[in-house]
Amino acid sequence: MTLQEYFRYALNHLNTAGLKNCSFEARSLICQVLKLSTEDFIIFRERPLEDKDIHKLNRALERRCKKEPLAKIVGIKEFWGLPFKVNEYTLDPRPDSETLVEAVLKSIKDKNDPLKILDLGTGSGCLILSLLHELKNAYALAIDICDRALAIALENARLLSLEKRCALKKSNWFDNICGTFDMIISNPPYIPEKQLEELGRELHYDPKLALTPGPTGLESYRAILKDMHNFMEPKTKVFFEMGWDQSHSISKIIEQQGFIVRAIHPDLANRPRVIEFNR
Ligand code: GLN
């Protein structure tokens with residue numbers, strides 16, 4: 001069977017399983033499983049596949065047909081143009097979260113400043129490692145409550161040669177942290193518990209702990225904000241990702257704690273996604 005023949009075979013199966021954009025899906029699956037670029041895919045399309053590759057592809061195809069995200073199947077997700085390892089203990093990095101990286105970068109006058117950044121709930125590390133990749137003299141503390149997520153974040157830091165500038169620590173929000181920071185970022189769990197059921201099947205593969213903090217979806221923001229003053233300098237800037245319909249309620253919590261909302265940054269679909277504030 002050639003690559004092209006397998007492509008048709010996969011396309012059929014994905015179609016039958018009810019997936020959308022099947023030709024994109026089939027090509028991504030083949031390229032990612034066999035580690036081919038889009039160009040390789042075209043150049044090698046007449047090449048016969050080895051049995052072991054067909055076996056690998058079939059296993060991946062079967063999982064994709066059950067709607068498991070491709071990132072979880074191949075263990076890698078691209079974010080900010082960089083490859084991030086992911087597993088069942090980490091939230092798959094989402095394109096909308098690049099809004100936070102962009103907002104932070106936009107707020108910095110000199111990208112060579114030795115900034116000290118705190119990332120709360122780092123997961124795969126995608127946010128903080130993308131920032132450290134851009135800010136060559138910055139250093140960071142990234143915390144998570146989940147040891148296994150921290151292990152993946154460490155692997156990602158090493159793969160990107162950023163481990164010397166990124167300390168990783170287990171902590172429940174501020175519980176194990178001391179000192180102050182120039183910048184604090186977080187993409188905390190924010191989906192109200194009940195909404196989880198309604199949201200697509202692909203969310204079933206993300207850890208519940210990373211998706212929902214409780215019934216209102218606002219619990220993490222409340223928990224983080226109540227202690228945050230102690231870790232801030234007068235000029236510290238804070239950036240939180242949020243659900244597109246939460247900007248009003250989160251602004252209120254932020255203001256109740258005596259902070260001032262400076263900006264709300266829209267995501268790719270032009271919905272409010274990142275809130276920026278300081279003292
Ligand atoms: N900071 C990570 C991300 O943005 C993890 C977020 C989370 O698990 N809620 O992907």
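Order of appearance sets the numbers: ligands from 1, and atoms from 1 within every ligand. Both backbone and side-chain heavy atoms feed into the values below; hydrogens, waters and symmetry mates do not.
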_Worked check of side chain to side chain contact (heavy atoms under 4.5 Å, CB included) between Glu25 and Leu11_ = CA-CA 8 Å; Glu25 286 280 352; Leu11 190 67; over 6 Å; no
_When you measure from the heavy atoms of Ser124 to every atom of ligand 1, does any distance fall below 4.0 Å?_
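No.
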_Enumerated ligand 1 atoms positioned under 4.0 Å from heavy atoms of Cys126_ =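 In order of number, 3 (C), 4 (O), 10 (O).
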*Just jot down the ligand 1 atoms closer than 4.0 angstrom to any heavy atom of Leu127, in number order.*
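Ligand 1 atoms under the 4.0 Å threshold to Leu127: 1 (N), 4 (O).
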*Do you know the tightest heavy-atom contact between Lys170 and Asn176?*
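Shortest heavy-atom separation between Lys170 and Asn176 comes out as O-ND2, 3.0 Å.
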*Please answer whether the main-chain N or O of Leu120 pairs with a side-chain N or O of Ser186 as donor and acceptor at a distance below 3.5 Å.*
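Yes, because the side chain of Ser186 sits within donor-acceptor range (under 3.5 Å) of the backbone of Leu120.
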Nearest to [atom], what protein heavy atom do you find, and at what distance?
| atom | result |
| --- | --- |
| atom 8 (O) of ligand 1 | Ala210 CB, 3.1 Å |
| atom 7 (C) of ligand 1 | Asn187 O, 3.4 Å |
| atom 2 (C) of ligand 1 | Thr122 O, 3.3 Å |

*Among Gly121, Ala142, Cys146, which one has a heavy atom closest to atom 5 (C) of ligand 1?*
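Minimum heavy-atom distance to atom 5 (C) of ligand 1 goes to Gly121.
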*Using the rule that two of Ile, Leu, Val, Met, Phe, Trp, Tyr join whenever any of their side-chain heavy atoms come within less than 4.5 Å, decide whether Leu70 and Ile152 are in one cluster.*
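In one cluster with Leu70: Ile152, no.
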*Does Leu211 belong to the same Ile/Leu/Val/Met/Phe/Trp/Tyr cluster as Val86, with side-chain heavy atoms less than 4.5 Å apart forming each link?*
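Result: no, two separate clusters.
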_Gln195, CD: over 12 other non-hydrogen atoms inside 6.0 angstrom_ =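 Yes, CD of Gln195 has more than 12 neighbouring heavy atoms, counting only those of other groups under 6.0 Å.
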